[in-house]
Amino acid sequence: MTPEQAQQEIESLTRQINYHNDLYYQQHHTEISDFEFDKLLEQLIALENQFPQFRYPDSPSQRVGGTITKEFQTVVHQYPMLSLGNTYSEEELTDFDARVAKGLDGEEYEYFCELKFDGVSISLIYEDGLLVRGVTRGDGTRGDDVTANIKTIRNIPLKVHAPHLPKRFEVRGEVYMPREVFLKLNKEREDIGEERFANARNTASGTLKMQDSSIVAQRKLACYAYYLLGEDTGINTHEEGIHKLEKWGFDVSKTYKKCHQLKEVFNYISHWESRRGELPLETDGVVIKVNSLEQQETLGFTAKSPRWAIAYKYKAESTSTRLNGITYQVGRTGAVTPVAELEPVFLSGTTVKRASLHNANEIARLDLREGDFVFIEKGGEIIPKVTGVDLSKRKPDAKHIHYITHCPECGNRLVRVEGEAVHYCPNASGCPPQIKGRIEHFIQRKAMDIDSLGEQTIRQLYDLRLVKSPADLYDLTKSDLMKMEKVKDKSAENILKGIAASKEAPFESVLFAIGIRYVGKTVAEKLAKHFKNIDRLMEASYDALLEAPEVGEKIAESVVQFFKAHENRKEVERLRKAGLKMAVEEKEIKPVSNVLEDRSFVISGVFQGYERDALKDTIIAHGGKVLSSISGKLDFLVAGENMGPSKKEKAEKLGVRIISEEEFNQLLAGKKIG
Ligand code: IVH
């Protein structure tokens with residue numbers, strides 16, 4: 001492909017992707033499938049890596065992340081990020097209204113009501129329409145620059161296209177993790193034996209502070225904008241600001257309402273109190289703002305919060321019901337979860353029958369006794385939780401509830417690791433839910449993707465003693481399968497086809513599928529990339545594992561333990577024999593040009609426009625050579641941020657030319673450098 005063709009193609013792909021992105025996030029409708037969308041994005045990223053000079057500053061490829069931020073820079077807010085005063089009753093709100101009326105000295109005024117979104121507040125700075133910075137609230141005066149992570153949030157415009165834009169403006173909003181995304185993430189965490197996250201808000205907040213923006217991208221955060229700030233925005237009311245934000249492509253929750261009287265504000269509050277479960281995120285109240293900016297200015301601020309706005313907080317929805325007993329669920333990793341079985345009770349829109357009690361500490365903390373009446377609350381995530389015991393209803397002789405000592409499924413004695421809250425059933429190879437759970441984990445989409453099998457089939461296959469481990473799947477015959485209920489010729493063939501097709505799954509999927517504790521899909525991908533094949537991974541020491549990206553002590557220890565176990569090694573060998581991929585397939589790099597011919601490179605540090613591997617591929621695609629160590633024969637050391645000092649020293653000593661990423665891009669464009 002010639003550079004001219006590449007430029008045209010990058011332009012066209014960028015345009016198409018932006019079009020579909022806007023369609024999805026602003027008009028909530030789609031014309032192509034997720035798969036097709038991802039394909040377009042992949043093509044764009046590949047081309048941009050080969051021809052970085054043609055990448056647009058607001059390229060949608062930034063949405064997938066890739067930059068690593070070691071430490072976030074502190075940035076002073078141009079306008080401090082204040083908090084809001086809280087009210088909890090109509091009386092308190094009436095007092096607020098009286099203060100506003102007095103402050104405005106008899107002038108007419110109106111309110112603009114919005115929901116108070118329970119996420120993480122963010123300040124987004126735009127210059128010449130381009131998103132230049134995203135900063136957390138921090139202490140209100142200064143926050144962390146989390147721009148790389150913010151850019152992965154797909155409903156935050158990277159560039160605003162509109163006539164008469166102010167040169168510089170700031171948008172405030174709330175970054176959140178949609179309820180659905182949060183529930184799915186927790187399910188995935190449970191699947192790999194990780195502790196569940198407590199709530200969506202903290203998860204969103206933790207995610208924004210992650211160092212690897214590609215992981216942030218996978219977490220699918222979203223943002224609601226609710227405030228436009230700037231010198232020359234040309235607005236006179238908050239409402240106009242909100243409409244501008246909508247026009248400029250920001251996602252504004254359509255739940256706002258202008259109210260002329262306090263009574264309408266009360267109606268708004270009670271309207272959303274009963275409907276807040278329908279929203280994609282939790283709201284803990286309502287924000288009431290004086291609409292006119294001039295009046296806002298008249299009212300001014302206290303040290304901490306504006307006098308022109310206030311929050312009204314909803315009470316947590318709670319009720320009490322009888323605890324009928326506790327049951328215990330055993331998961332794939334053997335973790336035991338106690339569940340409160342409740343006398344069914346209606347709570348904000350649904351009937352609640354069960355609530356998770358998490359672990360033994362929680363039962364002890366609540367000091368639960370048989371026959372207790374417990375208070376339950378619906379958290380923002382709609383999973384009810386037990387918050388306490390109604391002691392007024394406790395019988396004096398109520399018996400203590402003791403945590404089980406043996407597995408309810410296989411009878412094995414439970415163990416509890418020092419310092420951990422959770423009890424485990426250690427009988428991994430003989431405990432039915434653990435066995436079935438491992439096979440379910442193995443066949444899931446992100447793993448071997450065998451969609452001709454499901455929970456029901458696995459249960460039957462297990463009950464018929466046909467399958468006790470994932471490797472057994474590959475020994476199944478048609479007649480085996482036809483022993484199952486309702487499975488005829490055709491469906492048996494279909495199942496076999498699905499199993500056979502799974503042999504094409506890439507190594508990283510196999511690595512995720514075999515179910516090493518704490519190894520999720522992302523970590524499996526990093527391990528596969530780093531170790532290249534299963535044999536090197538199996539032999540890797542604890543220290544060698546720690547050198548792989550994303551791997552900390554917990555994961556390293558877990559991998560070592562996994563491969564220490566004889567039965568796991570045996571299982572891997574059986575899977576290998578069955579024909580599963582146990583090594584990464586080196587991708588073929590298509591030659592693009594020969595501008596770097598006869599030149600050798602070592603790369604070091606972190607780069608703005610490339611992931612390390614992409615930079616290596618680019619060099620090779622343009623005819624260059626990538627070396628791993630510095631010698632006198634080396635032509636260039638490409639220096640990224642945080643380059644190791646020893647590399648720099650060595651290069652200087654040997655007189656090797658050190659070039660920046662920018663200079664590298666010039667070389668690539670066929671230009672001479674300085
Ligand atoms: S306006 C000066 N509007 O609540 C007033 N804040 O306690 C600026 N919040 O840190 C805030 N939803 O993160 C405003 N619709 C909304 C909001 C909202 C949530 C958060 C925000 C802020 C906190 C104030």
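One-based numbering, in listed order, for ligands and for the atoms of each.
Geometrically, Lys257 does not engage Tyr268 in a cation-pi contact defined by less than 6.0 Å to the ring centre and at most 45° from the axis.
Within a 6.0 Å sphere centred on OH of Tyr24, other residues, nucleotides and ligands contribute 12 heavy atoms or fewer. Counting heavy-atom neighbours within 6.0 Å of Glu420 CD, excluding the residue itself, gives a total above 12. The environment of CG in Asp139 is crowded: more than 12 heavy-atom neighbours from other residues, nucleotides or ligands sit within 6.0 Å.
Taking only nitrogen or oxygen atoms, main chain and side chain alike, Val120 does not reach within less than 3.5 Å of ligand 1. At least one N or O atom of Lys289 sits closer than 3.5 Å to an N or O atom of ligand 1. Residue Tyr226 places at least one N or O, backbone or side chain, under 3.5 Å from an N or O of ligand 1. Between Ser121 and ligand 1, at least one N/O pair is under 3.5 Å apart.
For ligand 1, the atoms sitting less than 4.0 Å from at least one non-hydrogen atom of Leu115 are 12 (N), 15 (N), 16 (C), numbered in the order shown with element in parentheses. For ligand 1, the atoms lying closer than 4.0 Å to a non-hydrogen atom of Ser83 are 7 (O), 24 (C).
Listed by first and then second residue, the ring pair (Phe, Tyr, Trp, His ring centres under 6.0 Å) pairs involving residues 123-159 are Tyr126-Phe169, Tyr126-Phe250 (not counting sequence neighbours).
Nearest protein heavy-atom neighbour of atom 23 (C) of ligand 1: Lys116 NZ, 4.0 Å. With hydrogens left out, the protein atom closest to atom 5 (C) of ligand 1 is Leu84 CD2, 3.7 Å, a heavy atom. When hydrogens are left out, the protein atom nearest atom 15 (N) of ligand 1 is Glu114 OE1, 2.8 Å; that is the closest non-hydrogen contact. Phe117 N, 3.0 Å is the protein heavy atom nearest to atom 12 (N) of ligand 1.
Taking the six-membered ring where the residue is Trp, the centroids of Phe117 and Tyr176 are separated by 6.0 Å or more. Tyr312 and Tyr88 have their aromatic ring centers separated by at least 6.0 angstrom.
For Pro306, the closest heavy-atom approach to ligand 1 falls below 4.0 Å.
Contacts between Glu174 and ligand 1, counted as non-hydrogen atom pairs separated by less than 4.0 Å, involve the side chain only. Residue contacts with ligand 1 for Val287 involve side-chain atoms from C-beta outward but no N, CA, C or O (heavy atoms, distance under 4.0 Å).
Rounding to the nearest 0.5 Å places CZ of Arg172 at 7.0 Å from OH of Tyr227.
Leu41 has its side chain out of reach of Leu13: every pair of non-hydrogen atoms, C-beta onward, lies at least 4.5 Å apart.
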